[in-house]
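Notes to accompany the following structure.
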Amino acid sequence: GNSVTQMEGPVTLSEEAFLTINCTYTATGYPSLFWYVQYPGEGLQLLLKATKADDKGSNKGFEATYRKETTSFHLEKGSVQVSDSAVYFCALSDGNTNAGKSTFGDGTTLTVKP
Amino acid sequence: GAGVSQTPSNKVTEKGKYVELRCDPISGHTALYWYRQSLGQGPEFLIYFQGTGAADDSGLPNDRFFAVRPEGSVSTLKIQRTERGDSAVYLCASSPSRQGEQYFGPGTRLTVT
């Protein structure tokens, strides 16, 4: 079945540091890949997505590239801010066979210190 | 516009009791999903509706769990004979189509004592 493995946390960085959160996946078919973010006290919200190989999703300074050859979708940001402190979830959706239901990783908690 | 809403936000119940959790999706969204999130883990798929019908209920853990969406909008997740292991945050998400972006509600935190 489908699975997502993401970098264990927690991750603590200083403001303006470079961020990478690793994510690899196992899936049948041609999945779409997502990063969701959950800020303290808020619900899950989509951060970015990529629907096919070599696509790059980007939003709010975050980027992730769909790498089919390495089955990866690593999240990066060049300069993090305190406001980026949150839990980040990598997910995949195999829309071809599983009607868009998503499989999530276990989340990575990011804390950015001023 | 209004997002996905879920009620109640918190529910505490005794072991063996019956509970209902409600989800109001974004108006016009045809796809609706239920997930369960335990502490320190990602959301785990339970069931997916396309319109009124359950298109995929493969994630329901056992027959104590059931969900309905009778008019293709509001959905209710029903749990019979609750067990302590059912304690989790239950998330609902809706989408304009089966492959569209999913919009999540704030969740219902269920605690079974």
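Numbers restart at 1 for each chain; the letters A, B, ... are given by sequence-line order, proteins then strands.
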Legend entry - Worked verdict on A:F62 versus A:L48 for side-chain contact (heavy atoms from CB on, under 4.5 Å): CA-CA 8 Å; A:F62 290 88; A:L48 54 84; 3.9 Å; yes
Inset, instruction - Verify side-chain contact (heavy atoms from CB on, under 4.5 Å) between A:Y88 and A:L47, making sure each step is shown before the conclusion. - result: CA-CA 9 Å; A:Y88 292 82; A:L47 179 60; 3.9 Å; yes
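Interface residue A:Q38: only side-chain heavy atoms are found under 4.5 Å from chain B. When heavy atoms are compared at a cutoff of 4.5 Å, B:E44 does not approach chain A at all. Heavy atoms closer than 4.5 Å to chain A are found in the side chain of B:S58, but not in its backbone.
Hydrophobic side-chain contacts under 4.5 Å tie B:L60 into a cluster, directly or through other members, with B:V19, B:L21, B:L32, B:W34, B:L46, B:I47, B:F49, B:F65, B:L77, B:I79, B:Y90, B:L110, B:V112.
A search for salt bridge (charged side-chain N to carboxylate O under 4.0 Å, His left out) contacts involving A:R67 returns nothing, not counting sequence neighbours.
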